[in-house]
Each structure stands twice: as structure tokens, then as C-alpha cells.
Amino acid sequence: MKLLFSITILFISLVFVVLAVEQHPTAVKDINVEELKVKPLQPAHDDHEARVKRFLNNKGGDHFSKRVAIIGGGIGGSSCAYYLHNQLGSRLEITVFEREMVGGRARIVDIDGSPAELGGSIIHPLNENINQLVKDLKLEVYYPEKNGTIFSIWNGEKMIFQQSTLHHLVDKFKMIYNYLLDPIRFKNSRDVVVNNFLKSYKYEEPFNTVQEFFDRIDLPDITKVTAEQFFVTNASISKPFIEEILSAAIRVNYNQDYDKIAAFAAMIALVGAEDDLYAIKGGNYLLAKKMLEKSQSATIKQSVKTIKKEKESYKITAVNQEGTEKDYEFDIVILATPLELANIKLQDIDNANNIVHKEYKTVNTYLIAATSLNPTYFGLPPNEKIPEHVLTSHNKSIPFFVASRNPRGIIKDGRTLFKMFSENKLDEELFSKLFNNHTTLKLHAWKAYPVLTPTSKFPPIKIDNNLYYINAFEHAVSTMETETIASKNL
Ligand SMILES: Cc1cc2nc3c(=O)[nH]c(=O)nc-3n(C[C@H](O)[C@H](O)[C@H](O)COP(=O)(O)OP(=O)(O)OC[C@H]3O[C@@H](n4cnc5c(N)ncnc54)[C@H](O)[C@@H]3O)c2cc1C
């Protein structure tokens with residue numbers, strides 16, 4: 001009787017905590033957020049003309065148009081062309097070199113006559129630049145269907161979390177029952193980081209270094225510590241919650257583990273696992289395509305081999321698909337691709353040796369048609385309703401990071417389209433155990449994003465007087481939105 005009474009009291013207390021979290025998400029404020037406090041914004045003391053002058057370097061007078069080369073037609077390069085054209089119009093003649101496909105890592109593949117994303121696939125509703133671009137360019141968006149789909153977390157032995165098909169409060173209740181204050185502590189630290197990050201949109205003055213971006217938003221150390229250090233030290237979150245829950249969401253988006261990945265990238269990955277994410281109808285690459293069209297730039301399908309500094313300009317040597325080399329001369333050059341992957345030689349550029357490099361992570365993306373995931377692979381009875389999004393927790397023996405129903409959902413033959421990410425190549429034997437009635441439709445092996453370990457030294461944004469590097473920012477995080485932030489910054 002006494003035991004029953006205690007259980008009832010415990011239950012009622014938990015219900016109150018759950019409801020309190022639901023209604024007052026920041027009610028419990030016991031985390032150490034001292035170092036993360038937001039300082040008042042510095043007024044922007046930059047006006048449009050000053051910015052134009054700085055970019056044009058004021059040489060030869062503003063009335064001459066400058067020849068600008070952008071290397072890379074991904075979201076970074078195309079948004080750069082778009083923003084520059086909007087600001088400076090005919091004062092610039094923009095040429096974009098793209099060696100492969102406009103969109104870059106925002107790329108689709110055709111499945112049954114409809115597109116499926118292979119790379120950058122989801123956009124967060126707080127992504128102010130992309131939200132605005134989508135509006136300005138009149139692109140249509142869609143919200144991946146979630147009808148009845150549930151996610152779970154597999155630790156290699158059992159499902160350690162399974163989303164409820166009932167009310168979402170049930171999940172909150174389960175979380176708090178299992179992890180007490182950790183979910184609230186996480187939410188508080190997430191809110192601080194997100195709110196600080198959102199302040200960055202208010203600055204008009206460009207940041208000169210990647211570190212300056214983080215100093216300004218009062219998160220100077222967030223790229224310098226691991227997610228584990230950040231969550232344990234700053235937010236007092238317990239190891240089991242990090243290992244079992246947070247780690248799964250970090251792995252989905254960056255395929256990297258919480259004890260290695262830097263806190264900022266981890267937080268972006270976690271925010272990228274939230275609700276209301278959207279994508280562009282027809283493929284996210286359309287954003288790049290539309291921006292290039294609007295920028296009135298010339299896009300040429302050539303691979304840049306060298307950038308050589310001349311007296312007042314830069315000589316670019318590029319090669320076309322037939323292997324023919326051609327030289328070009330430009331006043332301003334913008335690198336909009338990771339130098340680690342670009343195979344470009346920088347000649348006679350003093351600062352070139354100061355560019356730090358990061359290893360890029362290999363990620364295999366699989367698209368698989370199947371009737372369902374196979375419950376027995378996960379140790380569940382054959383008739384159990386199996387979730388359609390299986391995330392994985394920190395365990396080296398699990399051969400994949402995620403196996404998840406693709407937003408495309410059901411394809412023409414009635415089967416479901418699944419997407420998987422893995423570090424190593426997977427084989428058909430594994431797929432036959434993992435899926436019921438499967439066909440492997442597509443494998444794309446990416447050098448996907450940097451290995452996002454803690455970093456305190458970033459590549460320069462301004463490599464030389466008129467040579468800029470957008471993807472310097474990618475050493476902190478790799479998303480479509482942050483590429484637009486880096487390109488708008490020039
Ligand atoms: C599997 C995967 C999933 C992802 N998921 C998401 C997501 O859901 N949401 C999100 O926001 N982000 C996601 N990302 C990250 C996002 O896609 C990238 O951060 C972003 O698209 C990078 O854009 P970019 O323009 O900087 O680089 P890229 O897209 O890589 O563009 C660079 C371009 O430069 C070209 N190029 C390179 N070298 C040369 C040369 N020498 N000469 C001429 N052209 C050259 C390349 O062909 C390429 O098109 C994902 C990435 C991957 C790989």
C-alpha cells in the first residue's frame with residue numbers, strides 16, 4: 001500500500017514536471033549559462049556605400065565594373081553571385097566556374113520520375129537567409145510527410161527509445177522519467193545557442209574572421225570544445241542522456257560522435273533534427289539554379305586548376321571537359337568550394353600557406369526501396385510495428401548511422417523509399433537482413449563535410465587583397481544556410 005502510494009506520488013510529480021516543461025519550457029534555469037550570455041548588439045556602423053567601396057577595394061574608381069570569378073556553383077557560390085549582383089548590379093561582371101553540377105552538395109537523383117535528395121536535404125524554419133531567398137525567388141516548398149511515422153534509437157542490441165504513437169506528451173513523460181532534468185537542461189542550452197546564433201543576422205558589418213563571428217554572438221569557445229565537454233560542463237547534462245539520446249541526433253546529421261564533434265556543429269545537428277523542417281519542391285539544387293539565373297552571371301562548366309596572383313589581378317587557368325586549358329583574368333576571385341576537395345593551386349599568394357585544412361568525412365548515401373524495415377534485425381518480434389526512422393547511438397559495431405524513410409515516402413511500386421548513411425560501404429547481405437523485399441536503387445559516396453572536431457584556427461576569409469574564401473566557415477559547420485551567411489558576409 002505504502003509502495004503504491006509512493007508510486008502514485010512519483011507519477012503525479014512527473015506529470016507536473018512534464019506539464020511545466022510543456023507550458024514553461026525555460027522554467028528550470030539551473031544551467032551554467034554565464035559564459036553564453038547575450039551582450040547588447042553593437043550598432044551597425046557600416047552603410048551600403050562603405051561596404052561597396054571596401055569590396056571593390058576602391059581601386060580605379062567605383063565607376064569601372066570589376067571582373068569577379070566565383071569558383072563553385074553550390075549554394076555558397078550561387079548565393080554569393082546573387083547577393084553581389086543585388087548589391088552592386090552592373091558594377092560587377094560575374095563568372096561562375098562549376099566543374100560538375102550546379103547545386104554542388106545540394107543534389108537530387110531521379111527515382112521513378114520524381115526527385116530524391118542525396119545531399120543537403122532539409123532546411124530549418126529559423127534559417128533566415130534561405131527563408132528569404134525562397135520567398136524572393138518564389139520557390140515552392142514542402143514539409144516532408146510524417147504521417148504515422150515514428151522514430152526510434154537502436155544501440156546495436158535493443159531499441160533504447162521508441163517514439164510514441166500517442167500524444168507527444170507521452171514522449172516528454174518518458175524522457176523525464178528516464179533522464180529527469182536532462183531534457184530541460186538540454187532545451188535551455190539549445191535555446192541560448194540558437195538565440196545567440198539568430199543575433200548574427202542583425203549585424204550588417206561583415207566579420208573578418210570566422211572566430212570574429214563567434215566572438216560577436218558571444219559564443220567564442222563553442223567551436224573549441226567537444227559536444228560532450230559542452231553538455232557536461234556548461235549544461236550539467238548527464239552522460240546517459242548525451243550517449244543515448246543526443247548522440248543519435250548528432251550522428252544522423254553529421255555522422256560523427258558526441259565525444260569528437262565540436263559543440264557548435266553538434267548543436268546545429270540537433271536543431272536540424274527538430275520539427276517543421278522543409279525542402280524545396282523539385283530539389284534544393286533549384287535554389288542554386290535560380291540564384292545563378294537572377295544574378296545574371298555567366299556560368300561556365302570548367303574546372304579551375306590554378307589561381308595566380310598578377311600585379312593588379314588574378315590569372316585563372318581552367319580546363320574544360322575535353323581537357324583544353326584556358327586562361328582568364330579577374331580583379332576579384334571568390335572561392336566557394338572547400339579547398340581540400342577543389343584541387344586548385346594558389347600561386348604567388350603569400351597567405352596560401354596559412355590556410356589550415358580539415359579532413360573531409362566519407363559518407364555513403366544509399367537509397368533503397370523496401371516494403372519495410374525488418375523487425376527481427378532489431379530483435380523485435382516479426383509482427384511488431386517497426387519504426388520508419390531508425391537512429392543509432394554511439395556504438396562502433398553498428399554499420400550505419402541512420403536508416404530512415406525518405407520524404408518521398410511511397411514510390412510507384414508501392415514500396416517505401418529509405419535512405420541510409422554509413423561510413424563504410426554496406427553489402428547486400430546486410431540489406432537483406434535489414435529490410436523486407438528490398439532493392440538498392442542508388443549509392444552516392446560523398447566527401448560530405450569536414451570532420452568537425454574542435455577548432456580554434458580557421459582558414460582566412462580574406463586570403464589575399466581580392467581573394468576571398470567562403471568555405472572557411474565550413475570548418476565550424478556545414479549547412480546550406482551557413483554557406484549563405486558566409487557568402488552574404490563578403
Ligand atoms: C549527405 C549530405 C547531407 C547533408 N544534409 C544537409 C541538410 O540536410 N541540410 C543542410 O543545410 N545541409 C546539409 N548538408 C551540407 C550542405 O549540403 C553543404 O554544407 C552545402 O551544400 C555546401 O555548399 P557549398 O556551395 O559551400 O559547397 P558545394 O555544394 O560543395 O559546392 C562547391 C561546388 O564547387 C565545385 N567545384 C569544386 N572544385 C572546383 C574547381 N576546381 N573548379 C570548378 N568548380 C569546382 C563543385 O563541383 C561544387 O559544385 C549535407 C551534405 C551532405 C553531403
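Order of listing sets the numbers, starting from 1, for every ligand and every atom in it. Hydrogens, waters and symmetry mates are skipped; everything else that's a heavy atom, side chains included, is used.
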K.L.:
Determine the interplanar angle of the Trp154 and Phe378 rings, folded into 0 to 90°, and report it as parallel if under 30°, tilted if 30 to 60°, perpendicular if over 60°.
P.N.:
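Perpendicular, since the angle between the ring planes exceeds 60°.
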
K.L.:
For ligand 1, which atoms sit closer than 4.0 Å to a heavy atom of Met101?
P.N.:
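By the 4.0 Å cutoff, the relevant atoms are 49 (O).
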
K.L.:
Counting each atom of ligand 1 from 1 as listed, which ones have a heavy atom of Gly72 under 4.0 Å away?
P.N.:
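The list of qualifying atoms is 33 (C), 34 (O), 35 (C).
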
K.L.:
Salt bridge check, Glu100 against Arg105: does any charged N sit closer than 4.0 Å to a carboxylate O?
P.N.:
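Glu100 and Arg105: not salt-bridged.
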
K.L.:
Just go through Glu98, Lys361, His124, Glu100 and tell me whose heavy atom is the nearest to atom 48 (C) of ligand 1.
P.N.:
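The nearest heavy atom belongs to Glu98.
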
K.L.:
Can you tell me if NZ on Lys289 sees more than 12 non-hydrogen neighbours from other groups inside 6.0 Å?
P.N.:
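Check fails, neighbour count at 12 or below.
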
K.L.:
Give the minimum heavy-atom separation between Gln256 and Pro450, together with the two atoms involved.
P.N.:
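Result for this residue pair: NE2-O, 3.2 Å.
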
K.L.:
Look at atom 24 (P) of ligand 1 and say which protein heavy atom is nearest, naming residue and atom and giving the distance to 0.1 Å.
P.N.:
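Answer for atom 24 (P) of ligand 1: Gly76 N, 3.8 Å.
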
K.L.:
Looking only at protein heavy atoms, which one is nearest to atom 18 (C) of ligand 1, and how far off is it?
P.N.:
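Sorting protein heavy atoms by distance from atom 18 (C) of ligand 1 puts Ser478 OG, 3.7 Å first.
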
K.L.:
List ligand 1 atoms under 4.0 Å from Trp446, heavy atoms only on the residue side.
P.N.:
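Every atom of ligand 1 under 4.0 Å from some heavy atom of Trp446: 1 (C), 53 (C).
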
K.L.:
Please check this pair: side chain of Arg251 against backbone of Thr392, looking for a donor-acceptor N/O pair closer than 3.5 Å.
P.N.:
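Side chain of Arg251 to backbone of Thr392: a pair is present.
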
K.L.:
Can you list the atoms of ligand 1 that are under 4.0 Å from a heavy atom of Ala448?
P.N.:
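In order of numbering, the contacting atoms are 53 (C).
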
K.L.:
In terms of residue, atom name and distance, what is the protein heavy atom nearest to atom 44 (N) of ligand 1?
P.N.:
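Nearest protein contact, heavy atoms only, for atom 44 (N) of ligand 1 is Arg99 N, 3.1 Å.
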
K.L.:
Say whether Glu474, considering both its backbone and side-chain N or O atoms, lies within less than 3.5 Å of an N or O atom on ligand 1.
P.N.:
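Min N/O separation from ligand 1 is not below 3.5 Å for Glu474.
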
K.L.:
Counting heavy atoms only, which part of Leu118 comes closer than 4.0 Å to ligand 1: side chain, backbone, both or neither?
P.N.:
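Within the 4.0 Å criterion, Leu118 contacts ligand 1 through backbone atoms alone.
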
K.L.:
Is there a nitrogen or oxygen of Glu483 sitting under 3.5 Å from a nitrogen or oxygen of ligand 1?
P.N.:
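In this structure, Glu483 places an N or O atom under 3.5 Å from an N or O of ligand 1.
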
K.L.:
What do you reckon, does Gln302 put a non-hydrogen atom under 4.0 Å from ligand 1?
P.N.:
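Yes, Gln302 has heavy atoms under 4.0 Å from ligand 1.
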
K.L.:
So, do Tyr258 and Phe231 have ring centers that fall under 6.0 Å from each other?
P.N.:
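Between Tyr258 and Phe231, the centre distance exceeds or equals 6.0 Å.
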
K.L.:
With the threshold set at under 4.0 angstrom, would you say Gly103 reaches ligand 1 through any of its heavy atoms?
P.N.:
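Yes, Gly103 has a heavy atom closer than 4.0 Å to ligand 1.
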
K.L.:
Could you give the distance from CZ (Phe213) to CD1 (Ile461), rounded to the nearest 0.5 Å?
P.N.:
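Phe213 atom CZ to Ile461 atom CD1 measures 10.0 Å (nearest 0.5 Å).
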
K.L.:
Counting only heavy atoms from other residues, nucleotides and ligands, does the tally under 6.0 Å from CD of Glu428 exceed 12?
P.N.:
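Yes, the 6.0 Å shell around CD holds more than 12 heavy atoms from other groups.
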
K.L.:
Which residue holds the protein heavy atom closest to atom 14 (N) of ligand 1, what is that atom called, and what is the gap in Å?
P.N.:
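Ranking protein heavy atoms by distance from atom 14 (N) of ligand 1, first comes Gly120 CA, 3.7 Å.
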
K.L.:
Less than 4.0 Å between a side-chain N and a carboxylate O, is that true for Asp331 and Arg67?
P.N.:
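Result for this pair is yes, salt bridge flagged.
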
K.L.:
Which distance, rounded to the nearest 0.5 Å, do you find between the CG of Asn284 and the CD of Glu117?
P.N.:
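Those atoms lie 4.0 Å apart.
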
K.L.:
Return the closest protein heavy atom for atom 37 (C) of ligand 1 as residue, atom name and distance.
P.N.:
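Among all protein heavy atoms, the one nearest atom 37 (C) of ligand 1 is Thr337 OG1, 3.1 Å.
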
K.L.:
Could you say whether the N/O atoms of Glu481 and ligand 1 ever approach to under 3.5 Å?
P.N.:
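No.
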
K.L.:
Charged N to carboxylate O below 4.0 Å: is that the case for Asp257 and Lys260?
P.N.:
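Between Lys260 and Asp257 there is no salt bridge, as every charged N stays at least 4.0 Å from the carboxylate O atoms.
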
K.L.:
Of all the non-hydrogen atoms in the protein, which one sits nearest to atom 27 (O) of ligand 1, and at what distance?
P.N.:
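For atom 27 (O) of ligand 1, the nearest protein heavy atom is Arg105 NH2, 3.1 Å.
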
K.L.:
I'd like to know whether NZ of Lys326 has more than 12 heavy-atom contacts from other residues, nucleotides or ligands below 6.0 angstrom.
P.N.:
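Not more than 12 within 6.0 Å, no.
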
K.L.:
So which protein heavy atom does atom 7 (C) of ligand 1 come closest to, and at what separation?
P.N.:
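Going by distance alone, atom 7 (C) of ligand 1 is nearest to Ser121 N, 3.4 Å.
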
K.L.:
Please state which protein non-hydrogen atom is closest to atom 32 (C) of ligand 1 and give its distance, to 0.1 Å?
P.N.:
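Nearest protein contact, heavy atoms only, for atom 32 (C) of ligand 1 is Ala336 O, 3.5 Å.
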
K.L.:
Considering Ser303, Gly119, Cys80, which one's heavy-atom position lies nearest to atom 2 (C) of ligand 1?
P.N.:
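Shortest heavy-atom distance from atom 2 (C) of ligand 1: Gly119.
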
K.L.:
Taking N or O atoms only and a 3.5 Å limit, does Ile75 qualify as a polar contact for ligand 1?
P.N.:
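N/O-N/O distance under 3.5 Å: yes.
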
K.L.:
Evaluate Val304 for polar contact with ligand 1, using N/O atom pairs at a separation under 3.5 Å.
P.N.:
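Checking ligand 1 against Val304, an N or O pair does fall under 3.5 Å apart.
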
K.L.:
Working to the nearest 0.5 Å, report the span between SG of Cys80 and NE2 of His85.
P.N.:
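Atom-to-atom, Cys80:SG and His85:NE2 are 13.0 Å apart.
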
K.L.:
I'd like to know if Ile344 contacts ligand 1, where contact means a heavy-atom distance under 4.0 Å to any ligand atom.
P.N.:
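Yes, Ile344 has heavy atoms under 4.0 Å from ligand 1.
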
K.L.:
Does the N or O separation between Ala342 and ligand 1 drop below 3.5 Å for any pair?
P.N.:
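Between Ala342 and ligand 1 (N or O atoms, distance only) the closest approach is under 3.5 Å.
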
K.L.:
When only distance counts, is Val363 in polar contact with ligand 1, meaning an N/O pair under 3.5 Å?
P.N.:
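Looking only at distances, the answer is no, because the N/O contact criterion of under 3.5 Å is not met.
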
K.L.:
Tell me whether Lys447 at atom NZ has more than 12 heavy atoms from other residues, nucleotides or ligands lying less than 6.0 Å away.
P.N.:
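Enclosed.
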
K.L.:
Are Glu423 and Lys361 close enough for a salt bridge, meaning some N to O gap below 4.0 Å?
P.N.:
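Answer for the salt bridge query: yes.
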
